[in-house]
Colleague: 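Here it is: the structure, laid out below.
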Amino acid sequence: SAEVSDLWAQRLALNDSQWKDKLHDQEKAYQELSDQLERQRQYQIRLEKGKEQLREEILKERQRAERILAEKDEDIAYLKRKLSQPTEHSAIADWVENNFKGRLLLHPKAKALLEDRSARAVSVELICDALDFLATDYWERRYAQISTEEMNSRCSEKYGRPFEVKPTGTTTIEFTPTQYKVKYFPGVTGKPVESALDYHLGVGNDPENLLRIYFLHDDTKKLII
């Protein structure tokens with residue numbers, strides 16, 4: 001009995017040792033697989049980060065290319081407008097209608113002033129450039145939310161000069177209302193309303209290059225009058 005008991009004890013110890021070895025091997029294999037899986041997971045994370053960064057770079061590049069194309073389109077459109085500028089003051093109104101419909105509207109009073117002899121003291125090119133600025137860069141500053149810096153940069157590049165826009169001032173308007181108020185159909189109403197030309201674009205101070213264009217905003221229609 002003692003011999004059999006010793007034999008079984010030996011067998012049990014051997015079996016226990018074998019199972020411990022197998023368990024150790026399994027734990028080692030498990031740890032190796034876990035480490036491999038973690039490495040793969042970390043690699044997948046880096047891969048996804050790389051993909052996201054690449055997507056962002058592609059998006060930025062696409063946006064940059066779209067901005068460049070838009071700028072080129074605007075440059076081409078400006079050059080076409082520049083080439084089509086009239087040589088006579090009486091033709092400015094038609095030029096505005098053909099190029100800036102939906103953005104800039106010449107009031108009948110403005111059209112009459114262009115026909116007046118006093119308007120001939122100012123060059124047609126200067127008047128057209130000023131109206132072009134109001135209908136493009138200034139319009140986009142107010143309604144497309146470009147920055148003032150962007151507006152001024154465009155203005156300098158296209159016209160080679162600044163155009164300054166200021167409020168007209170309530171005192172000036174009230175003192176001479178016949179000059180600074182016009183009948184206009186604002187918004188979607190069907191009745192003309194006496195409206196103040198509460199802003200003006202100014203160029204120069206000397207009589208040779210003096211220009212003032214008075215206007216108002218119809219923000220409902222996104223229109224400059």
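Computed from heavy atoms alone, side chains included, the values below leave out hydrogens, waters and symmetry copies. Since we're looking at a predicted model, the values are computed, not measured.
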Colleague: Should the pair Lys60-Glu57 be classified as a salt bridge under the 4.0 Å nitrogen-to-oxygen rule?
Modeller: no

Colleague: Ion pair present between Glu97 and Lys111, side-chain N to carboxylate O less than 4.0 angstrom?
Modeller: no

Colleague: Is the closest basic N to carboxylate O distance between Glu52 and Arg55 below 4.0 Å?
Modeller: yes

Colleague: Inspect the contact between Lys158 and Asp137 and indicate whether a charged nitrogen and a carboxylate oxygen are less than 4.0 angstrom apart.
Modeller: yes

Colleague: Quick check: do Leu126 and Arg161 have side-chain heavy atoms less than 4.5 Å from each other?
Modeller: yes

Colleague: Working to the nearest 0.5 Å, report the span between NZ of Lys181 and CD of Gln179.
Modeller: 13.0 Å

Colleague: Return the minimal non-hydrogen interatomic distance between Pro86 and Val124, and the atom names on each side.
Modeller: O-CG1, 3.1 Å

Colleague: Evaluate salt bridge (charged side-chain N to carboxylate O under 4.0 Å, His left out) for Glu157 paired with Arg154, printing each intermediate quantity in order.
Modeller: CA-CA 5 Å; Glu157 289 176 6; Arg154 291 183 186 181; over 6 Å; no

Colleague: Measuring from Leu131:CG to Leu106:CG, what's the distance to the nearest 0.5 Å?
Modeller: 6.0 Å

Colleague: Is it the case that the side chain of Ser118 and the backbone of Asp116 share a donor-acceptor pair, with hydrogens and angles ignored and the cut-off at 3.5 Å?
Modeller: no

Colleague: If you measure from CG on Leu211 to CZ on Phe163, what distance do you get to the nearest 0.5 Å?
Modeller: 7.5 Å

Colleague: Taking all non-hydrogen atoms of both residues, which atom of Arg81 and which atom of Trp95 are closest, and how far apart?
Modeller: O-NE1, 3.4 Å

Colleague: With a 4.0 Å cut-off, would you call Glu140 and Arg103 a salt bridge?
Modeller: yes

Colleague: What verdict does the side chain to side chain donor-acceptor pair (under 3.5 Å) test give for Asp219 and Tyr143, after you've listed the backbone C-alpha separation in whole Å, the side-chain angles of each residue and the deciding distance to 0.1 Å?
Modeller: CA-CA 8 Å; Asp219 291 332; Tyr143 297 117; 2.5 Å; yes

Colleague: Which of these, Ile224, Asp132, Thr136, sits in a side chain to side chain contact (heavy atoms under 4.5 Å, CB included) with Leu104?
Modeller: Ile224

Colleague: Do Glu164 and His200 make a side-chain contact, defined as non-hydrogen atoms from C-beta onward lying under 4.5 Å apart?
Modeller: no

Colleague: Answer with yes or no whether the hydrophobic clustering places Phe215 together with Leu113; edges join I, L, V, M, F, W, Y residues whose side-chain heavy atoms lie under 4.5 Å apart.
Modeller: no

Colleague: Output the distance between atom CG (Leu47) and atom CG (Leu54), rounded to the nearest 0.5 Å.
Modeller: 10.5 Å

Colleague: For Arg120, is there an ion pair with Glu88 - N to carboxylate O distance below 4.0 angstrom?
Modeller: no

Colleague: Calculate, to the nearest 0.5 Å, the distance between atoms CG and CD1 belonging to Leu134 and Ile225 respectively.
Modeller: 11.5 Å

Colleague: Around atom NZ of Lys222, are there more than 12 heavy atoms of other residues, nucleotides or ligands at under 6.0 Å?
Modeller: no

Colleague: Check for a donor-acceptor pair, side chain of Tyr159 on one end and backbone N or O of Phe133 on the other, with a separation under 3.5 Å.
Modeller: yes

Colleague: Could you tell me whether Lys82 atom NZ has more than 12 heavy atoms of other residues or ligands within 6.0 Å of it?
Modeller: yes

Colleague: Give the minimum heavy-atom separation between Met151 and Arg141, together with the two atoms involved.
Modeller: SD-CB, 3.6 Å

Colleague: Examine distances only and state if a side-chain atom of Thr168 and a backbone atom of Tyr199 form a donor-acceptor pair shorter than 3.5 Å.
Modeller: yes

Colleague: Please report the interatomic distance CG(Asp129) to CD(Gln85), rounded to the nearest 0.5 Å.
Modeller: 5.0 Å

Colleague: Do the side chain of Ser34 and the main chain of Tyr30 share a donor and acceptor less than 3.5 angstrom apart?
Modeller: yes

Colleague: Indicate, with yes or no, if the rings of His217 and Tyr138 have centres closer together than 6.0 Å.
Modeller: yes

Colleague: For Arg212 versus Gly202, what's the shortest heavy-atom pair and its separation?
Modeller: NH1-CA, 3.6 Å

Colleague: Taking it one step at a time, do Asn15 and Gln18 satisfy side chain to side chain contact (heavy atoms under 4.5 Å, CB included)?
Modeller: CA-CA 5 Å; Asn15 191 54; Gln18 290 174 342; 4.0 Å; yes

Colleague: Under 4.0 Å between a side-chain nitrogen and a carboxylate oxygen: does that hold for Lys20 and Asp16?
Modeller: yes

Colleague: Report yes if the side chains of Ile92 and Cys128 come closer than 4.5 Å at any heavy-atom pair, otherwise no.
Modeller: yes

Colleague: Please identify which of these residues, Glu32, Gln31, Glu38, meets the side chain to side chain contact (heavy atoms under 4.5 Å, CB included) condition with Asp35.
Modeller: Gln31

Colleague: Check whether any side-chain heavy atom of Tyr184 sits under 4.5 Å from a side-chain heavy atom of Leu223, and report yes or no.
Modeller: yes

Colleague: Can any side-chain N or O of His107 pair as donor or acceptor with the backbone N or O of Val182 at less than 3.5 Å?
Modeller: no

